[in-house]
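Report on the structure given below.
Because the structure is a prediction, the values reported are computed rather than measured.
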Amino acid sequence: MKENTVLELARSLQNTNTAQRETADFLQLMRQHLEQDYLQKIRSAASLQKCDAVEHPPREVTLLRALSAFTDERGKRQLDTACRSLLFCHTLQQIQQNIASCTQDGAFLETRSQSDGTCQPTPDTIRMAGLCMALSLLDSF
């Protein structure tokens with residue numbers, strides 16, 4: 001008896017369990033790649049920028065920290081909140097300064113290949129990287 005290939009194909013296509021499983025596997029793989037290729041790098045860069053701001057705080061933060069020794073617990077909490085807010089703003093300013101220093105020299109008129117095969121980022125790409133870092137910092141202060 002001759003096998004009906006159309007019937008076998010129809011049975012295979014009708015089996016939605018396989019398609020659902022393959023779709024779920026594909027989405028999981030995409031999540032992993034996005035996490036490894038992009039999100040970890042963004043978080044790492046943002047974390048480095050935050051660490052720099054914490055290690056080298058602005059004068060206002062240093063002053064508020066010194067004042068907290070002379071307040072009650074409620075005052076200390078309020079000063080701590082103010083310090084975190086100031087550090088967040090300071091970090092955002094540092095990111096903005098880095099963006100400005102990368103894009104101000106006019107060398108980014110067009111994307112050009114480097115000798116090692118990499119491309120010089122465009123100003124828009126640099127601004128997008130800064131935005132991603134800033135967004136990543138929102139939950140860390």
Atom [atom1] of [X] and atom [atom2] of [Y]: how far apart are they, to the nearest 0.5 Å?
{"X": "Ser136", "Y": "Ile42", "atom1": "OG", "atom2": "CD1", "result": "7.0 Å"}
{"X": "Gln49", "Y": "Ser44", "atom1": "CD", "atom2": "OG", "result": "11.5 Å"}
{"X": "Arg127", "Y": "Gln96", "atom1": "CZ", "atom2": "CD", "result": "9.0 Å"}
{"X": "Lys50", "Y": "Thr91", "atom1": "NZ", "atom2": "OG1", "result": "8.0 Å"}

According to a hydrophobic-cluster definition based on side-chain heavy atoms being under 4.5 Å apart (Ile, Leu, Val, Met, Phe, Trp, Tyr only), do [X] and [Y] belong together?
{"X": "Ile126", "Y": "Met128", "answer": "yes"}
{"X": "Leu67", "Y": "Val61", "answer": "yes"}
{"X": "Phe141", "Y": "Leu135", "answer": "yes"}
{"X": "Leu137", "Y": "Tyr38", "answer": "no"}
{"X": "Leu7", "Y": "Leu9", "answer": "no"}

Considering only heavy atoms from C-beta outward, does the side chain of [X] approach that of [Y] to under 4.5 Å?
{"X": "His90", "Y": "Pro57", "result": "no"}
{"X": "Leu92", "Y": "Cys89", "result": "no"}
{"X": "Met133", "Y": "Asn98", "result": "no"}
{"X": "Arg11", "Y": "Asn15", "result": "no"}

Can you give me the closest heavy-atom contact between [X] and [Y], atom names plus distance?
{"X": "Leu87", "Y": "Ala53", "result": "CD2-O, 3.4 Å"}
{"X": "Leu64", "Y": "Ala82", "result": "CD1-CB, 3.9 Å"}
{"X": "Gly130", "Y": "Ile99", "result": "CA-CD1, 3.7 Å"}
{"X": "Thr122", "Y": "Thr125", "result": "OG1-OG1, 2.9 Å"}

Is it the case that the side chain of [X] and the backbone of [Y] share a donor-acceptor pair, with hydrogens and angles ignored and the cut-off at 3.5 Å?
{"X": "Ser47", "Y": "Arg43", "value": "no"}
{"X": "Ser12", "Y": "Glu8", "value": "no"}
{"X": "Thr81", "Y": "Arg77", "value": "yes"}

Verdict with supporting geometry, Arg31 and Gln28, side-chain contact (heavy atoms from CB on, under 4.5 Å): CA-CA 5 Å; Arg31 281 186 201 103; Gln28 180 63 27; 3.6 Å; yes

Run Asp25 and Leu29 through side-chain contact (heavy atoms from CB on, under 4.5 Å) and show every step you take. CA-CA 6 Å; Asp25 290 347; Leu29 190 63; over 6 Å; no

Cationic N near anionic O, under 4.0 Å, Asp80 to Lys76: no

Give a yes or no on whether Gln32 atom CD has more than 12 heavy-atom contacts from other residues, nucleotides or ligands under 6.0 Å away. yes

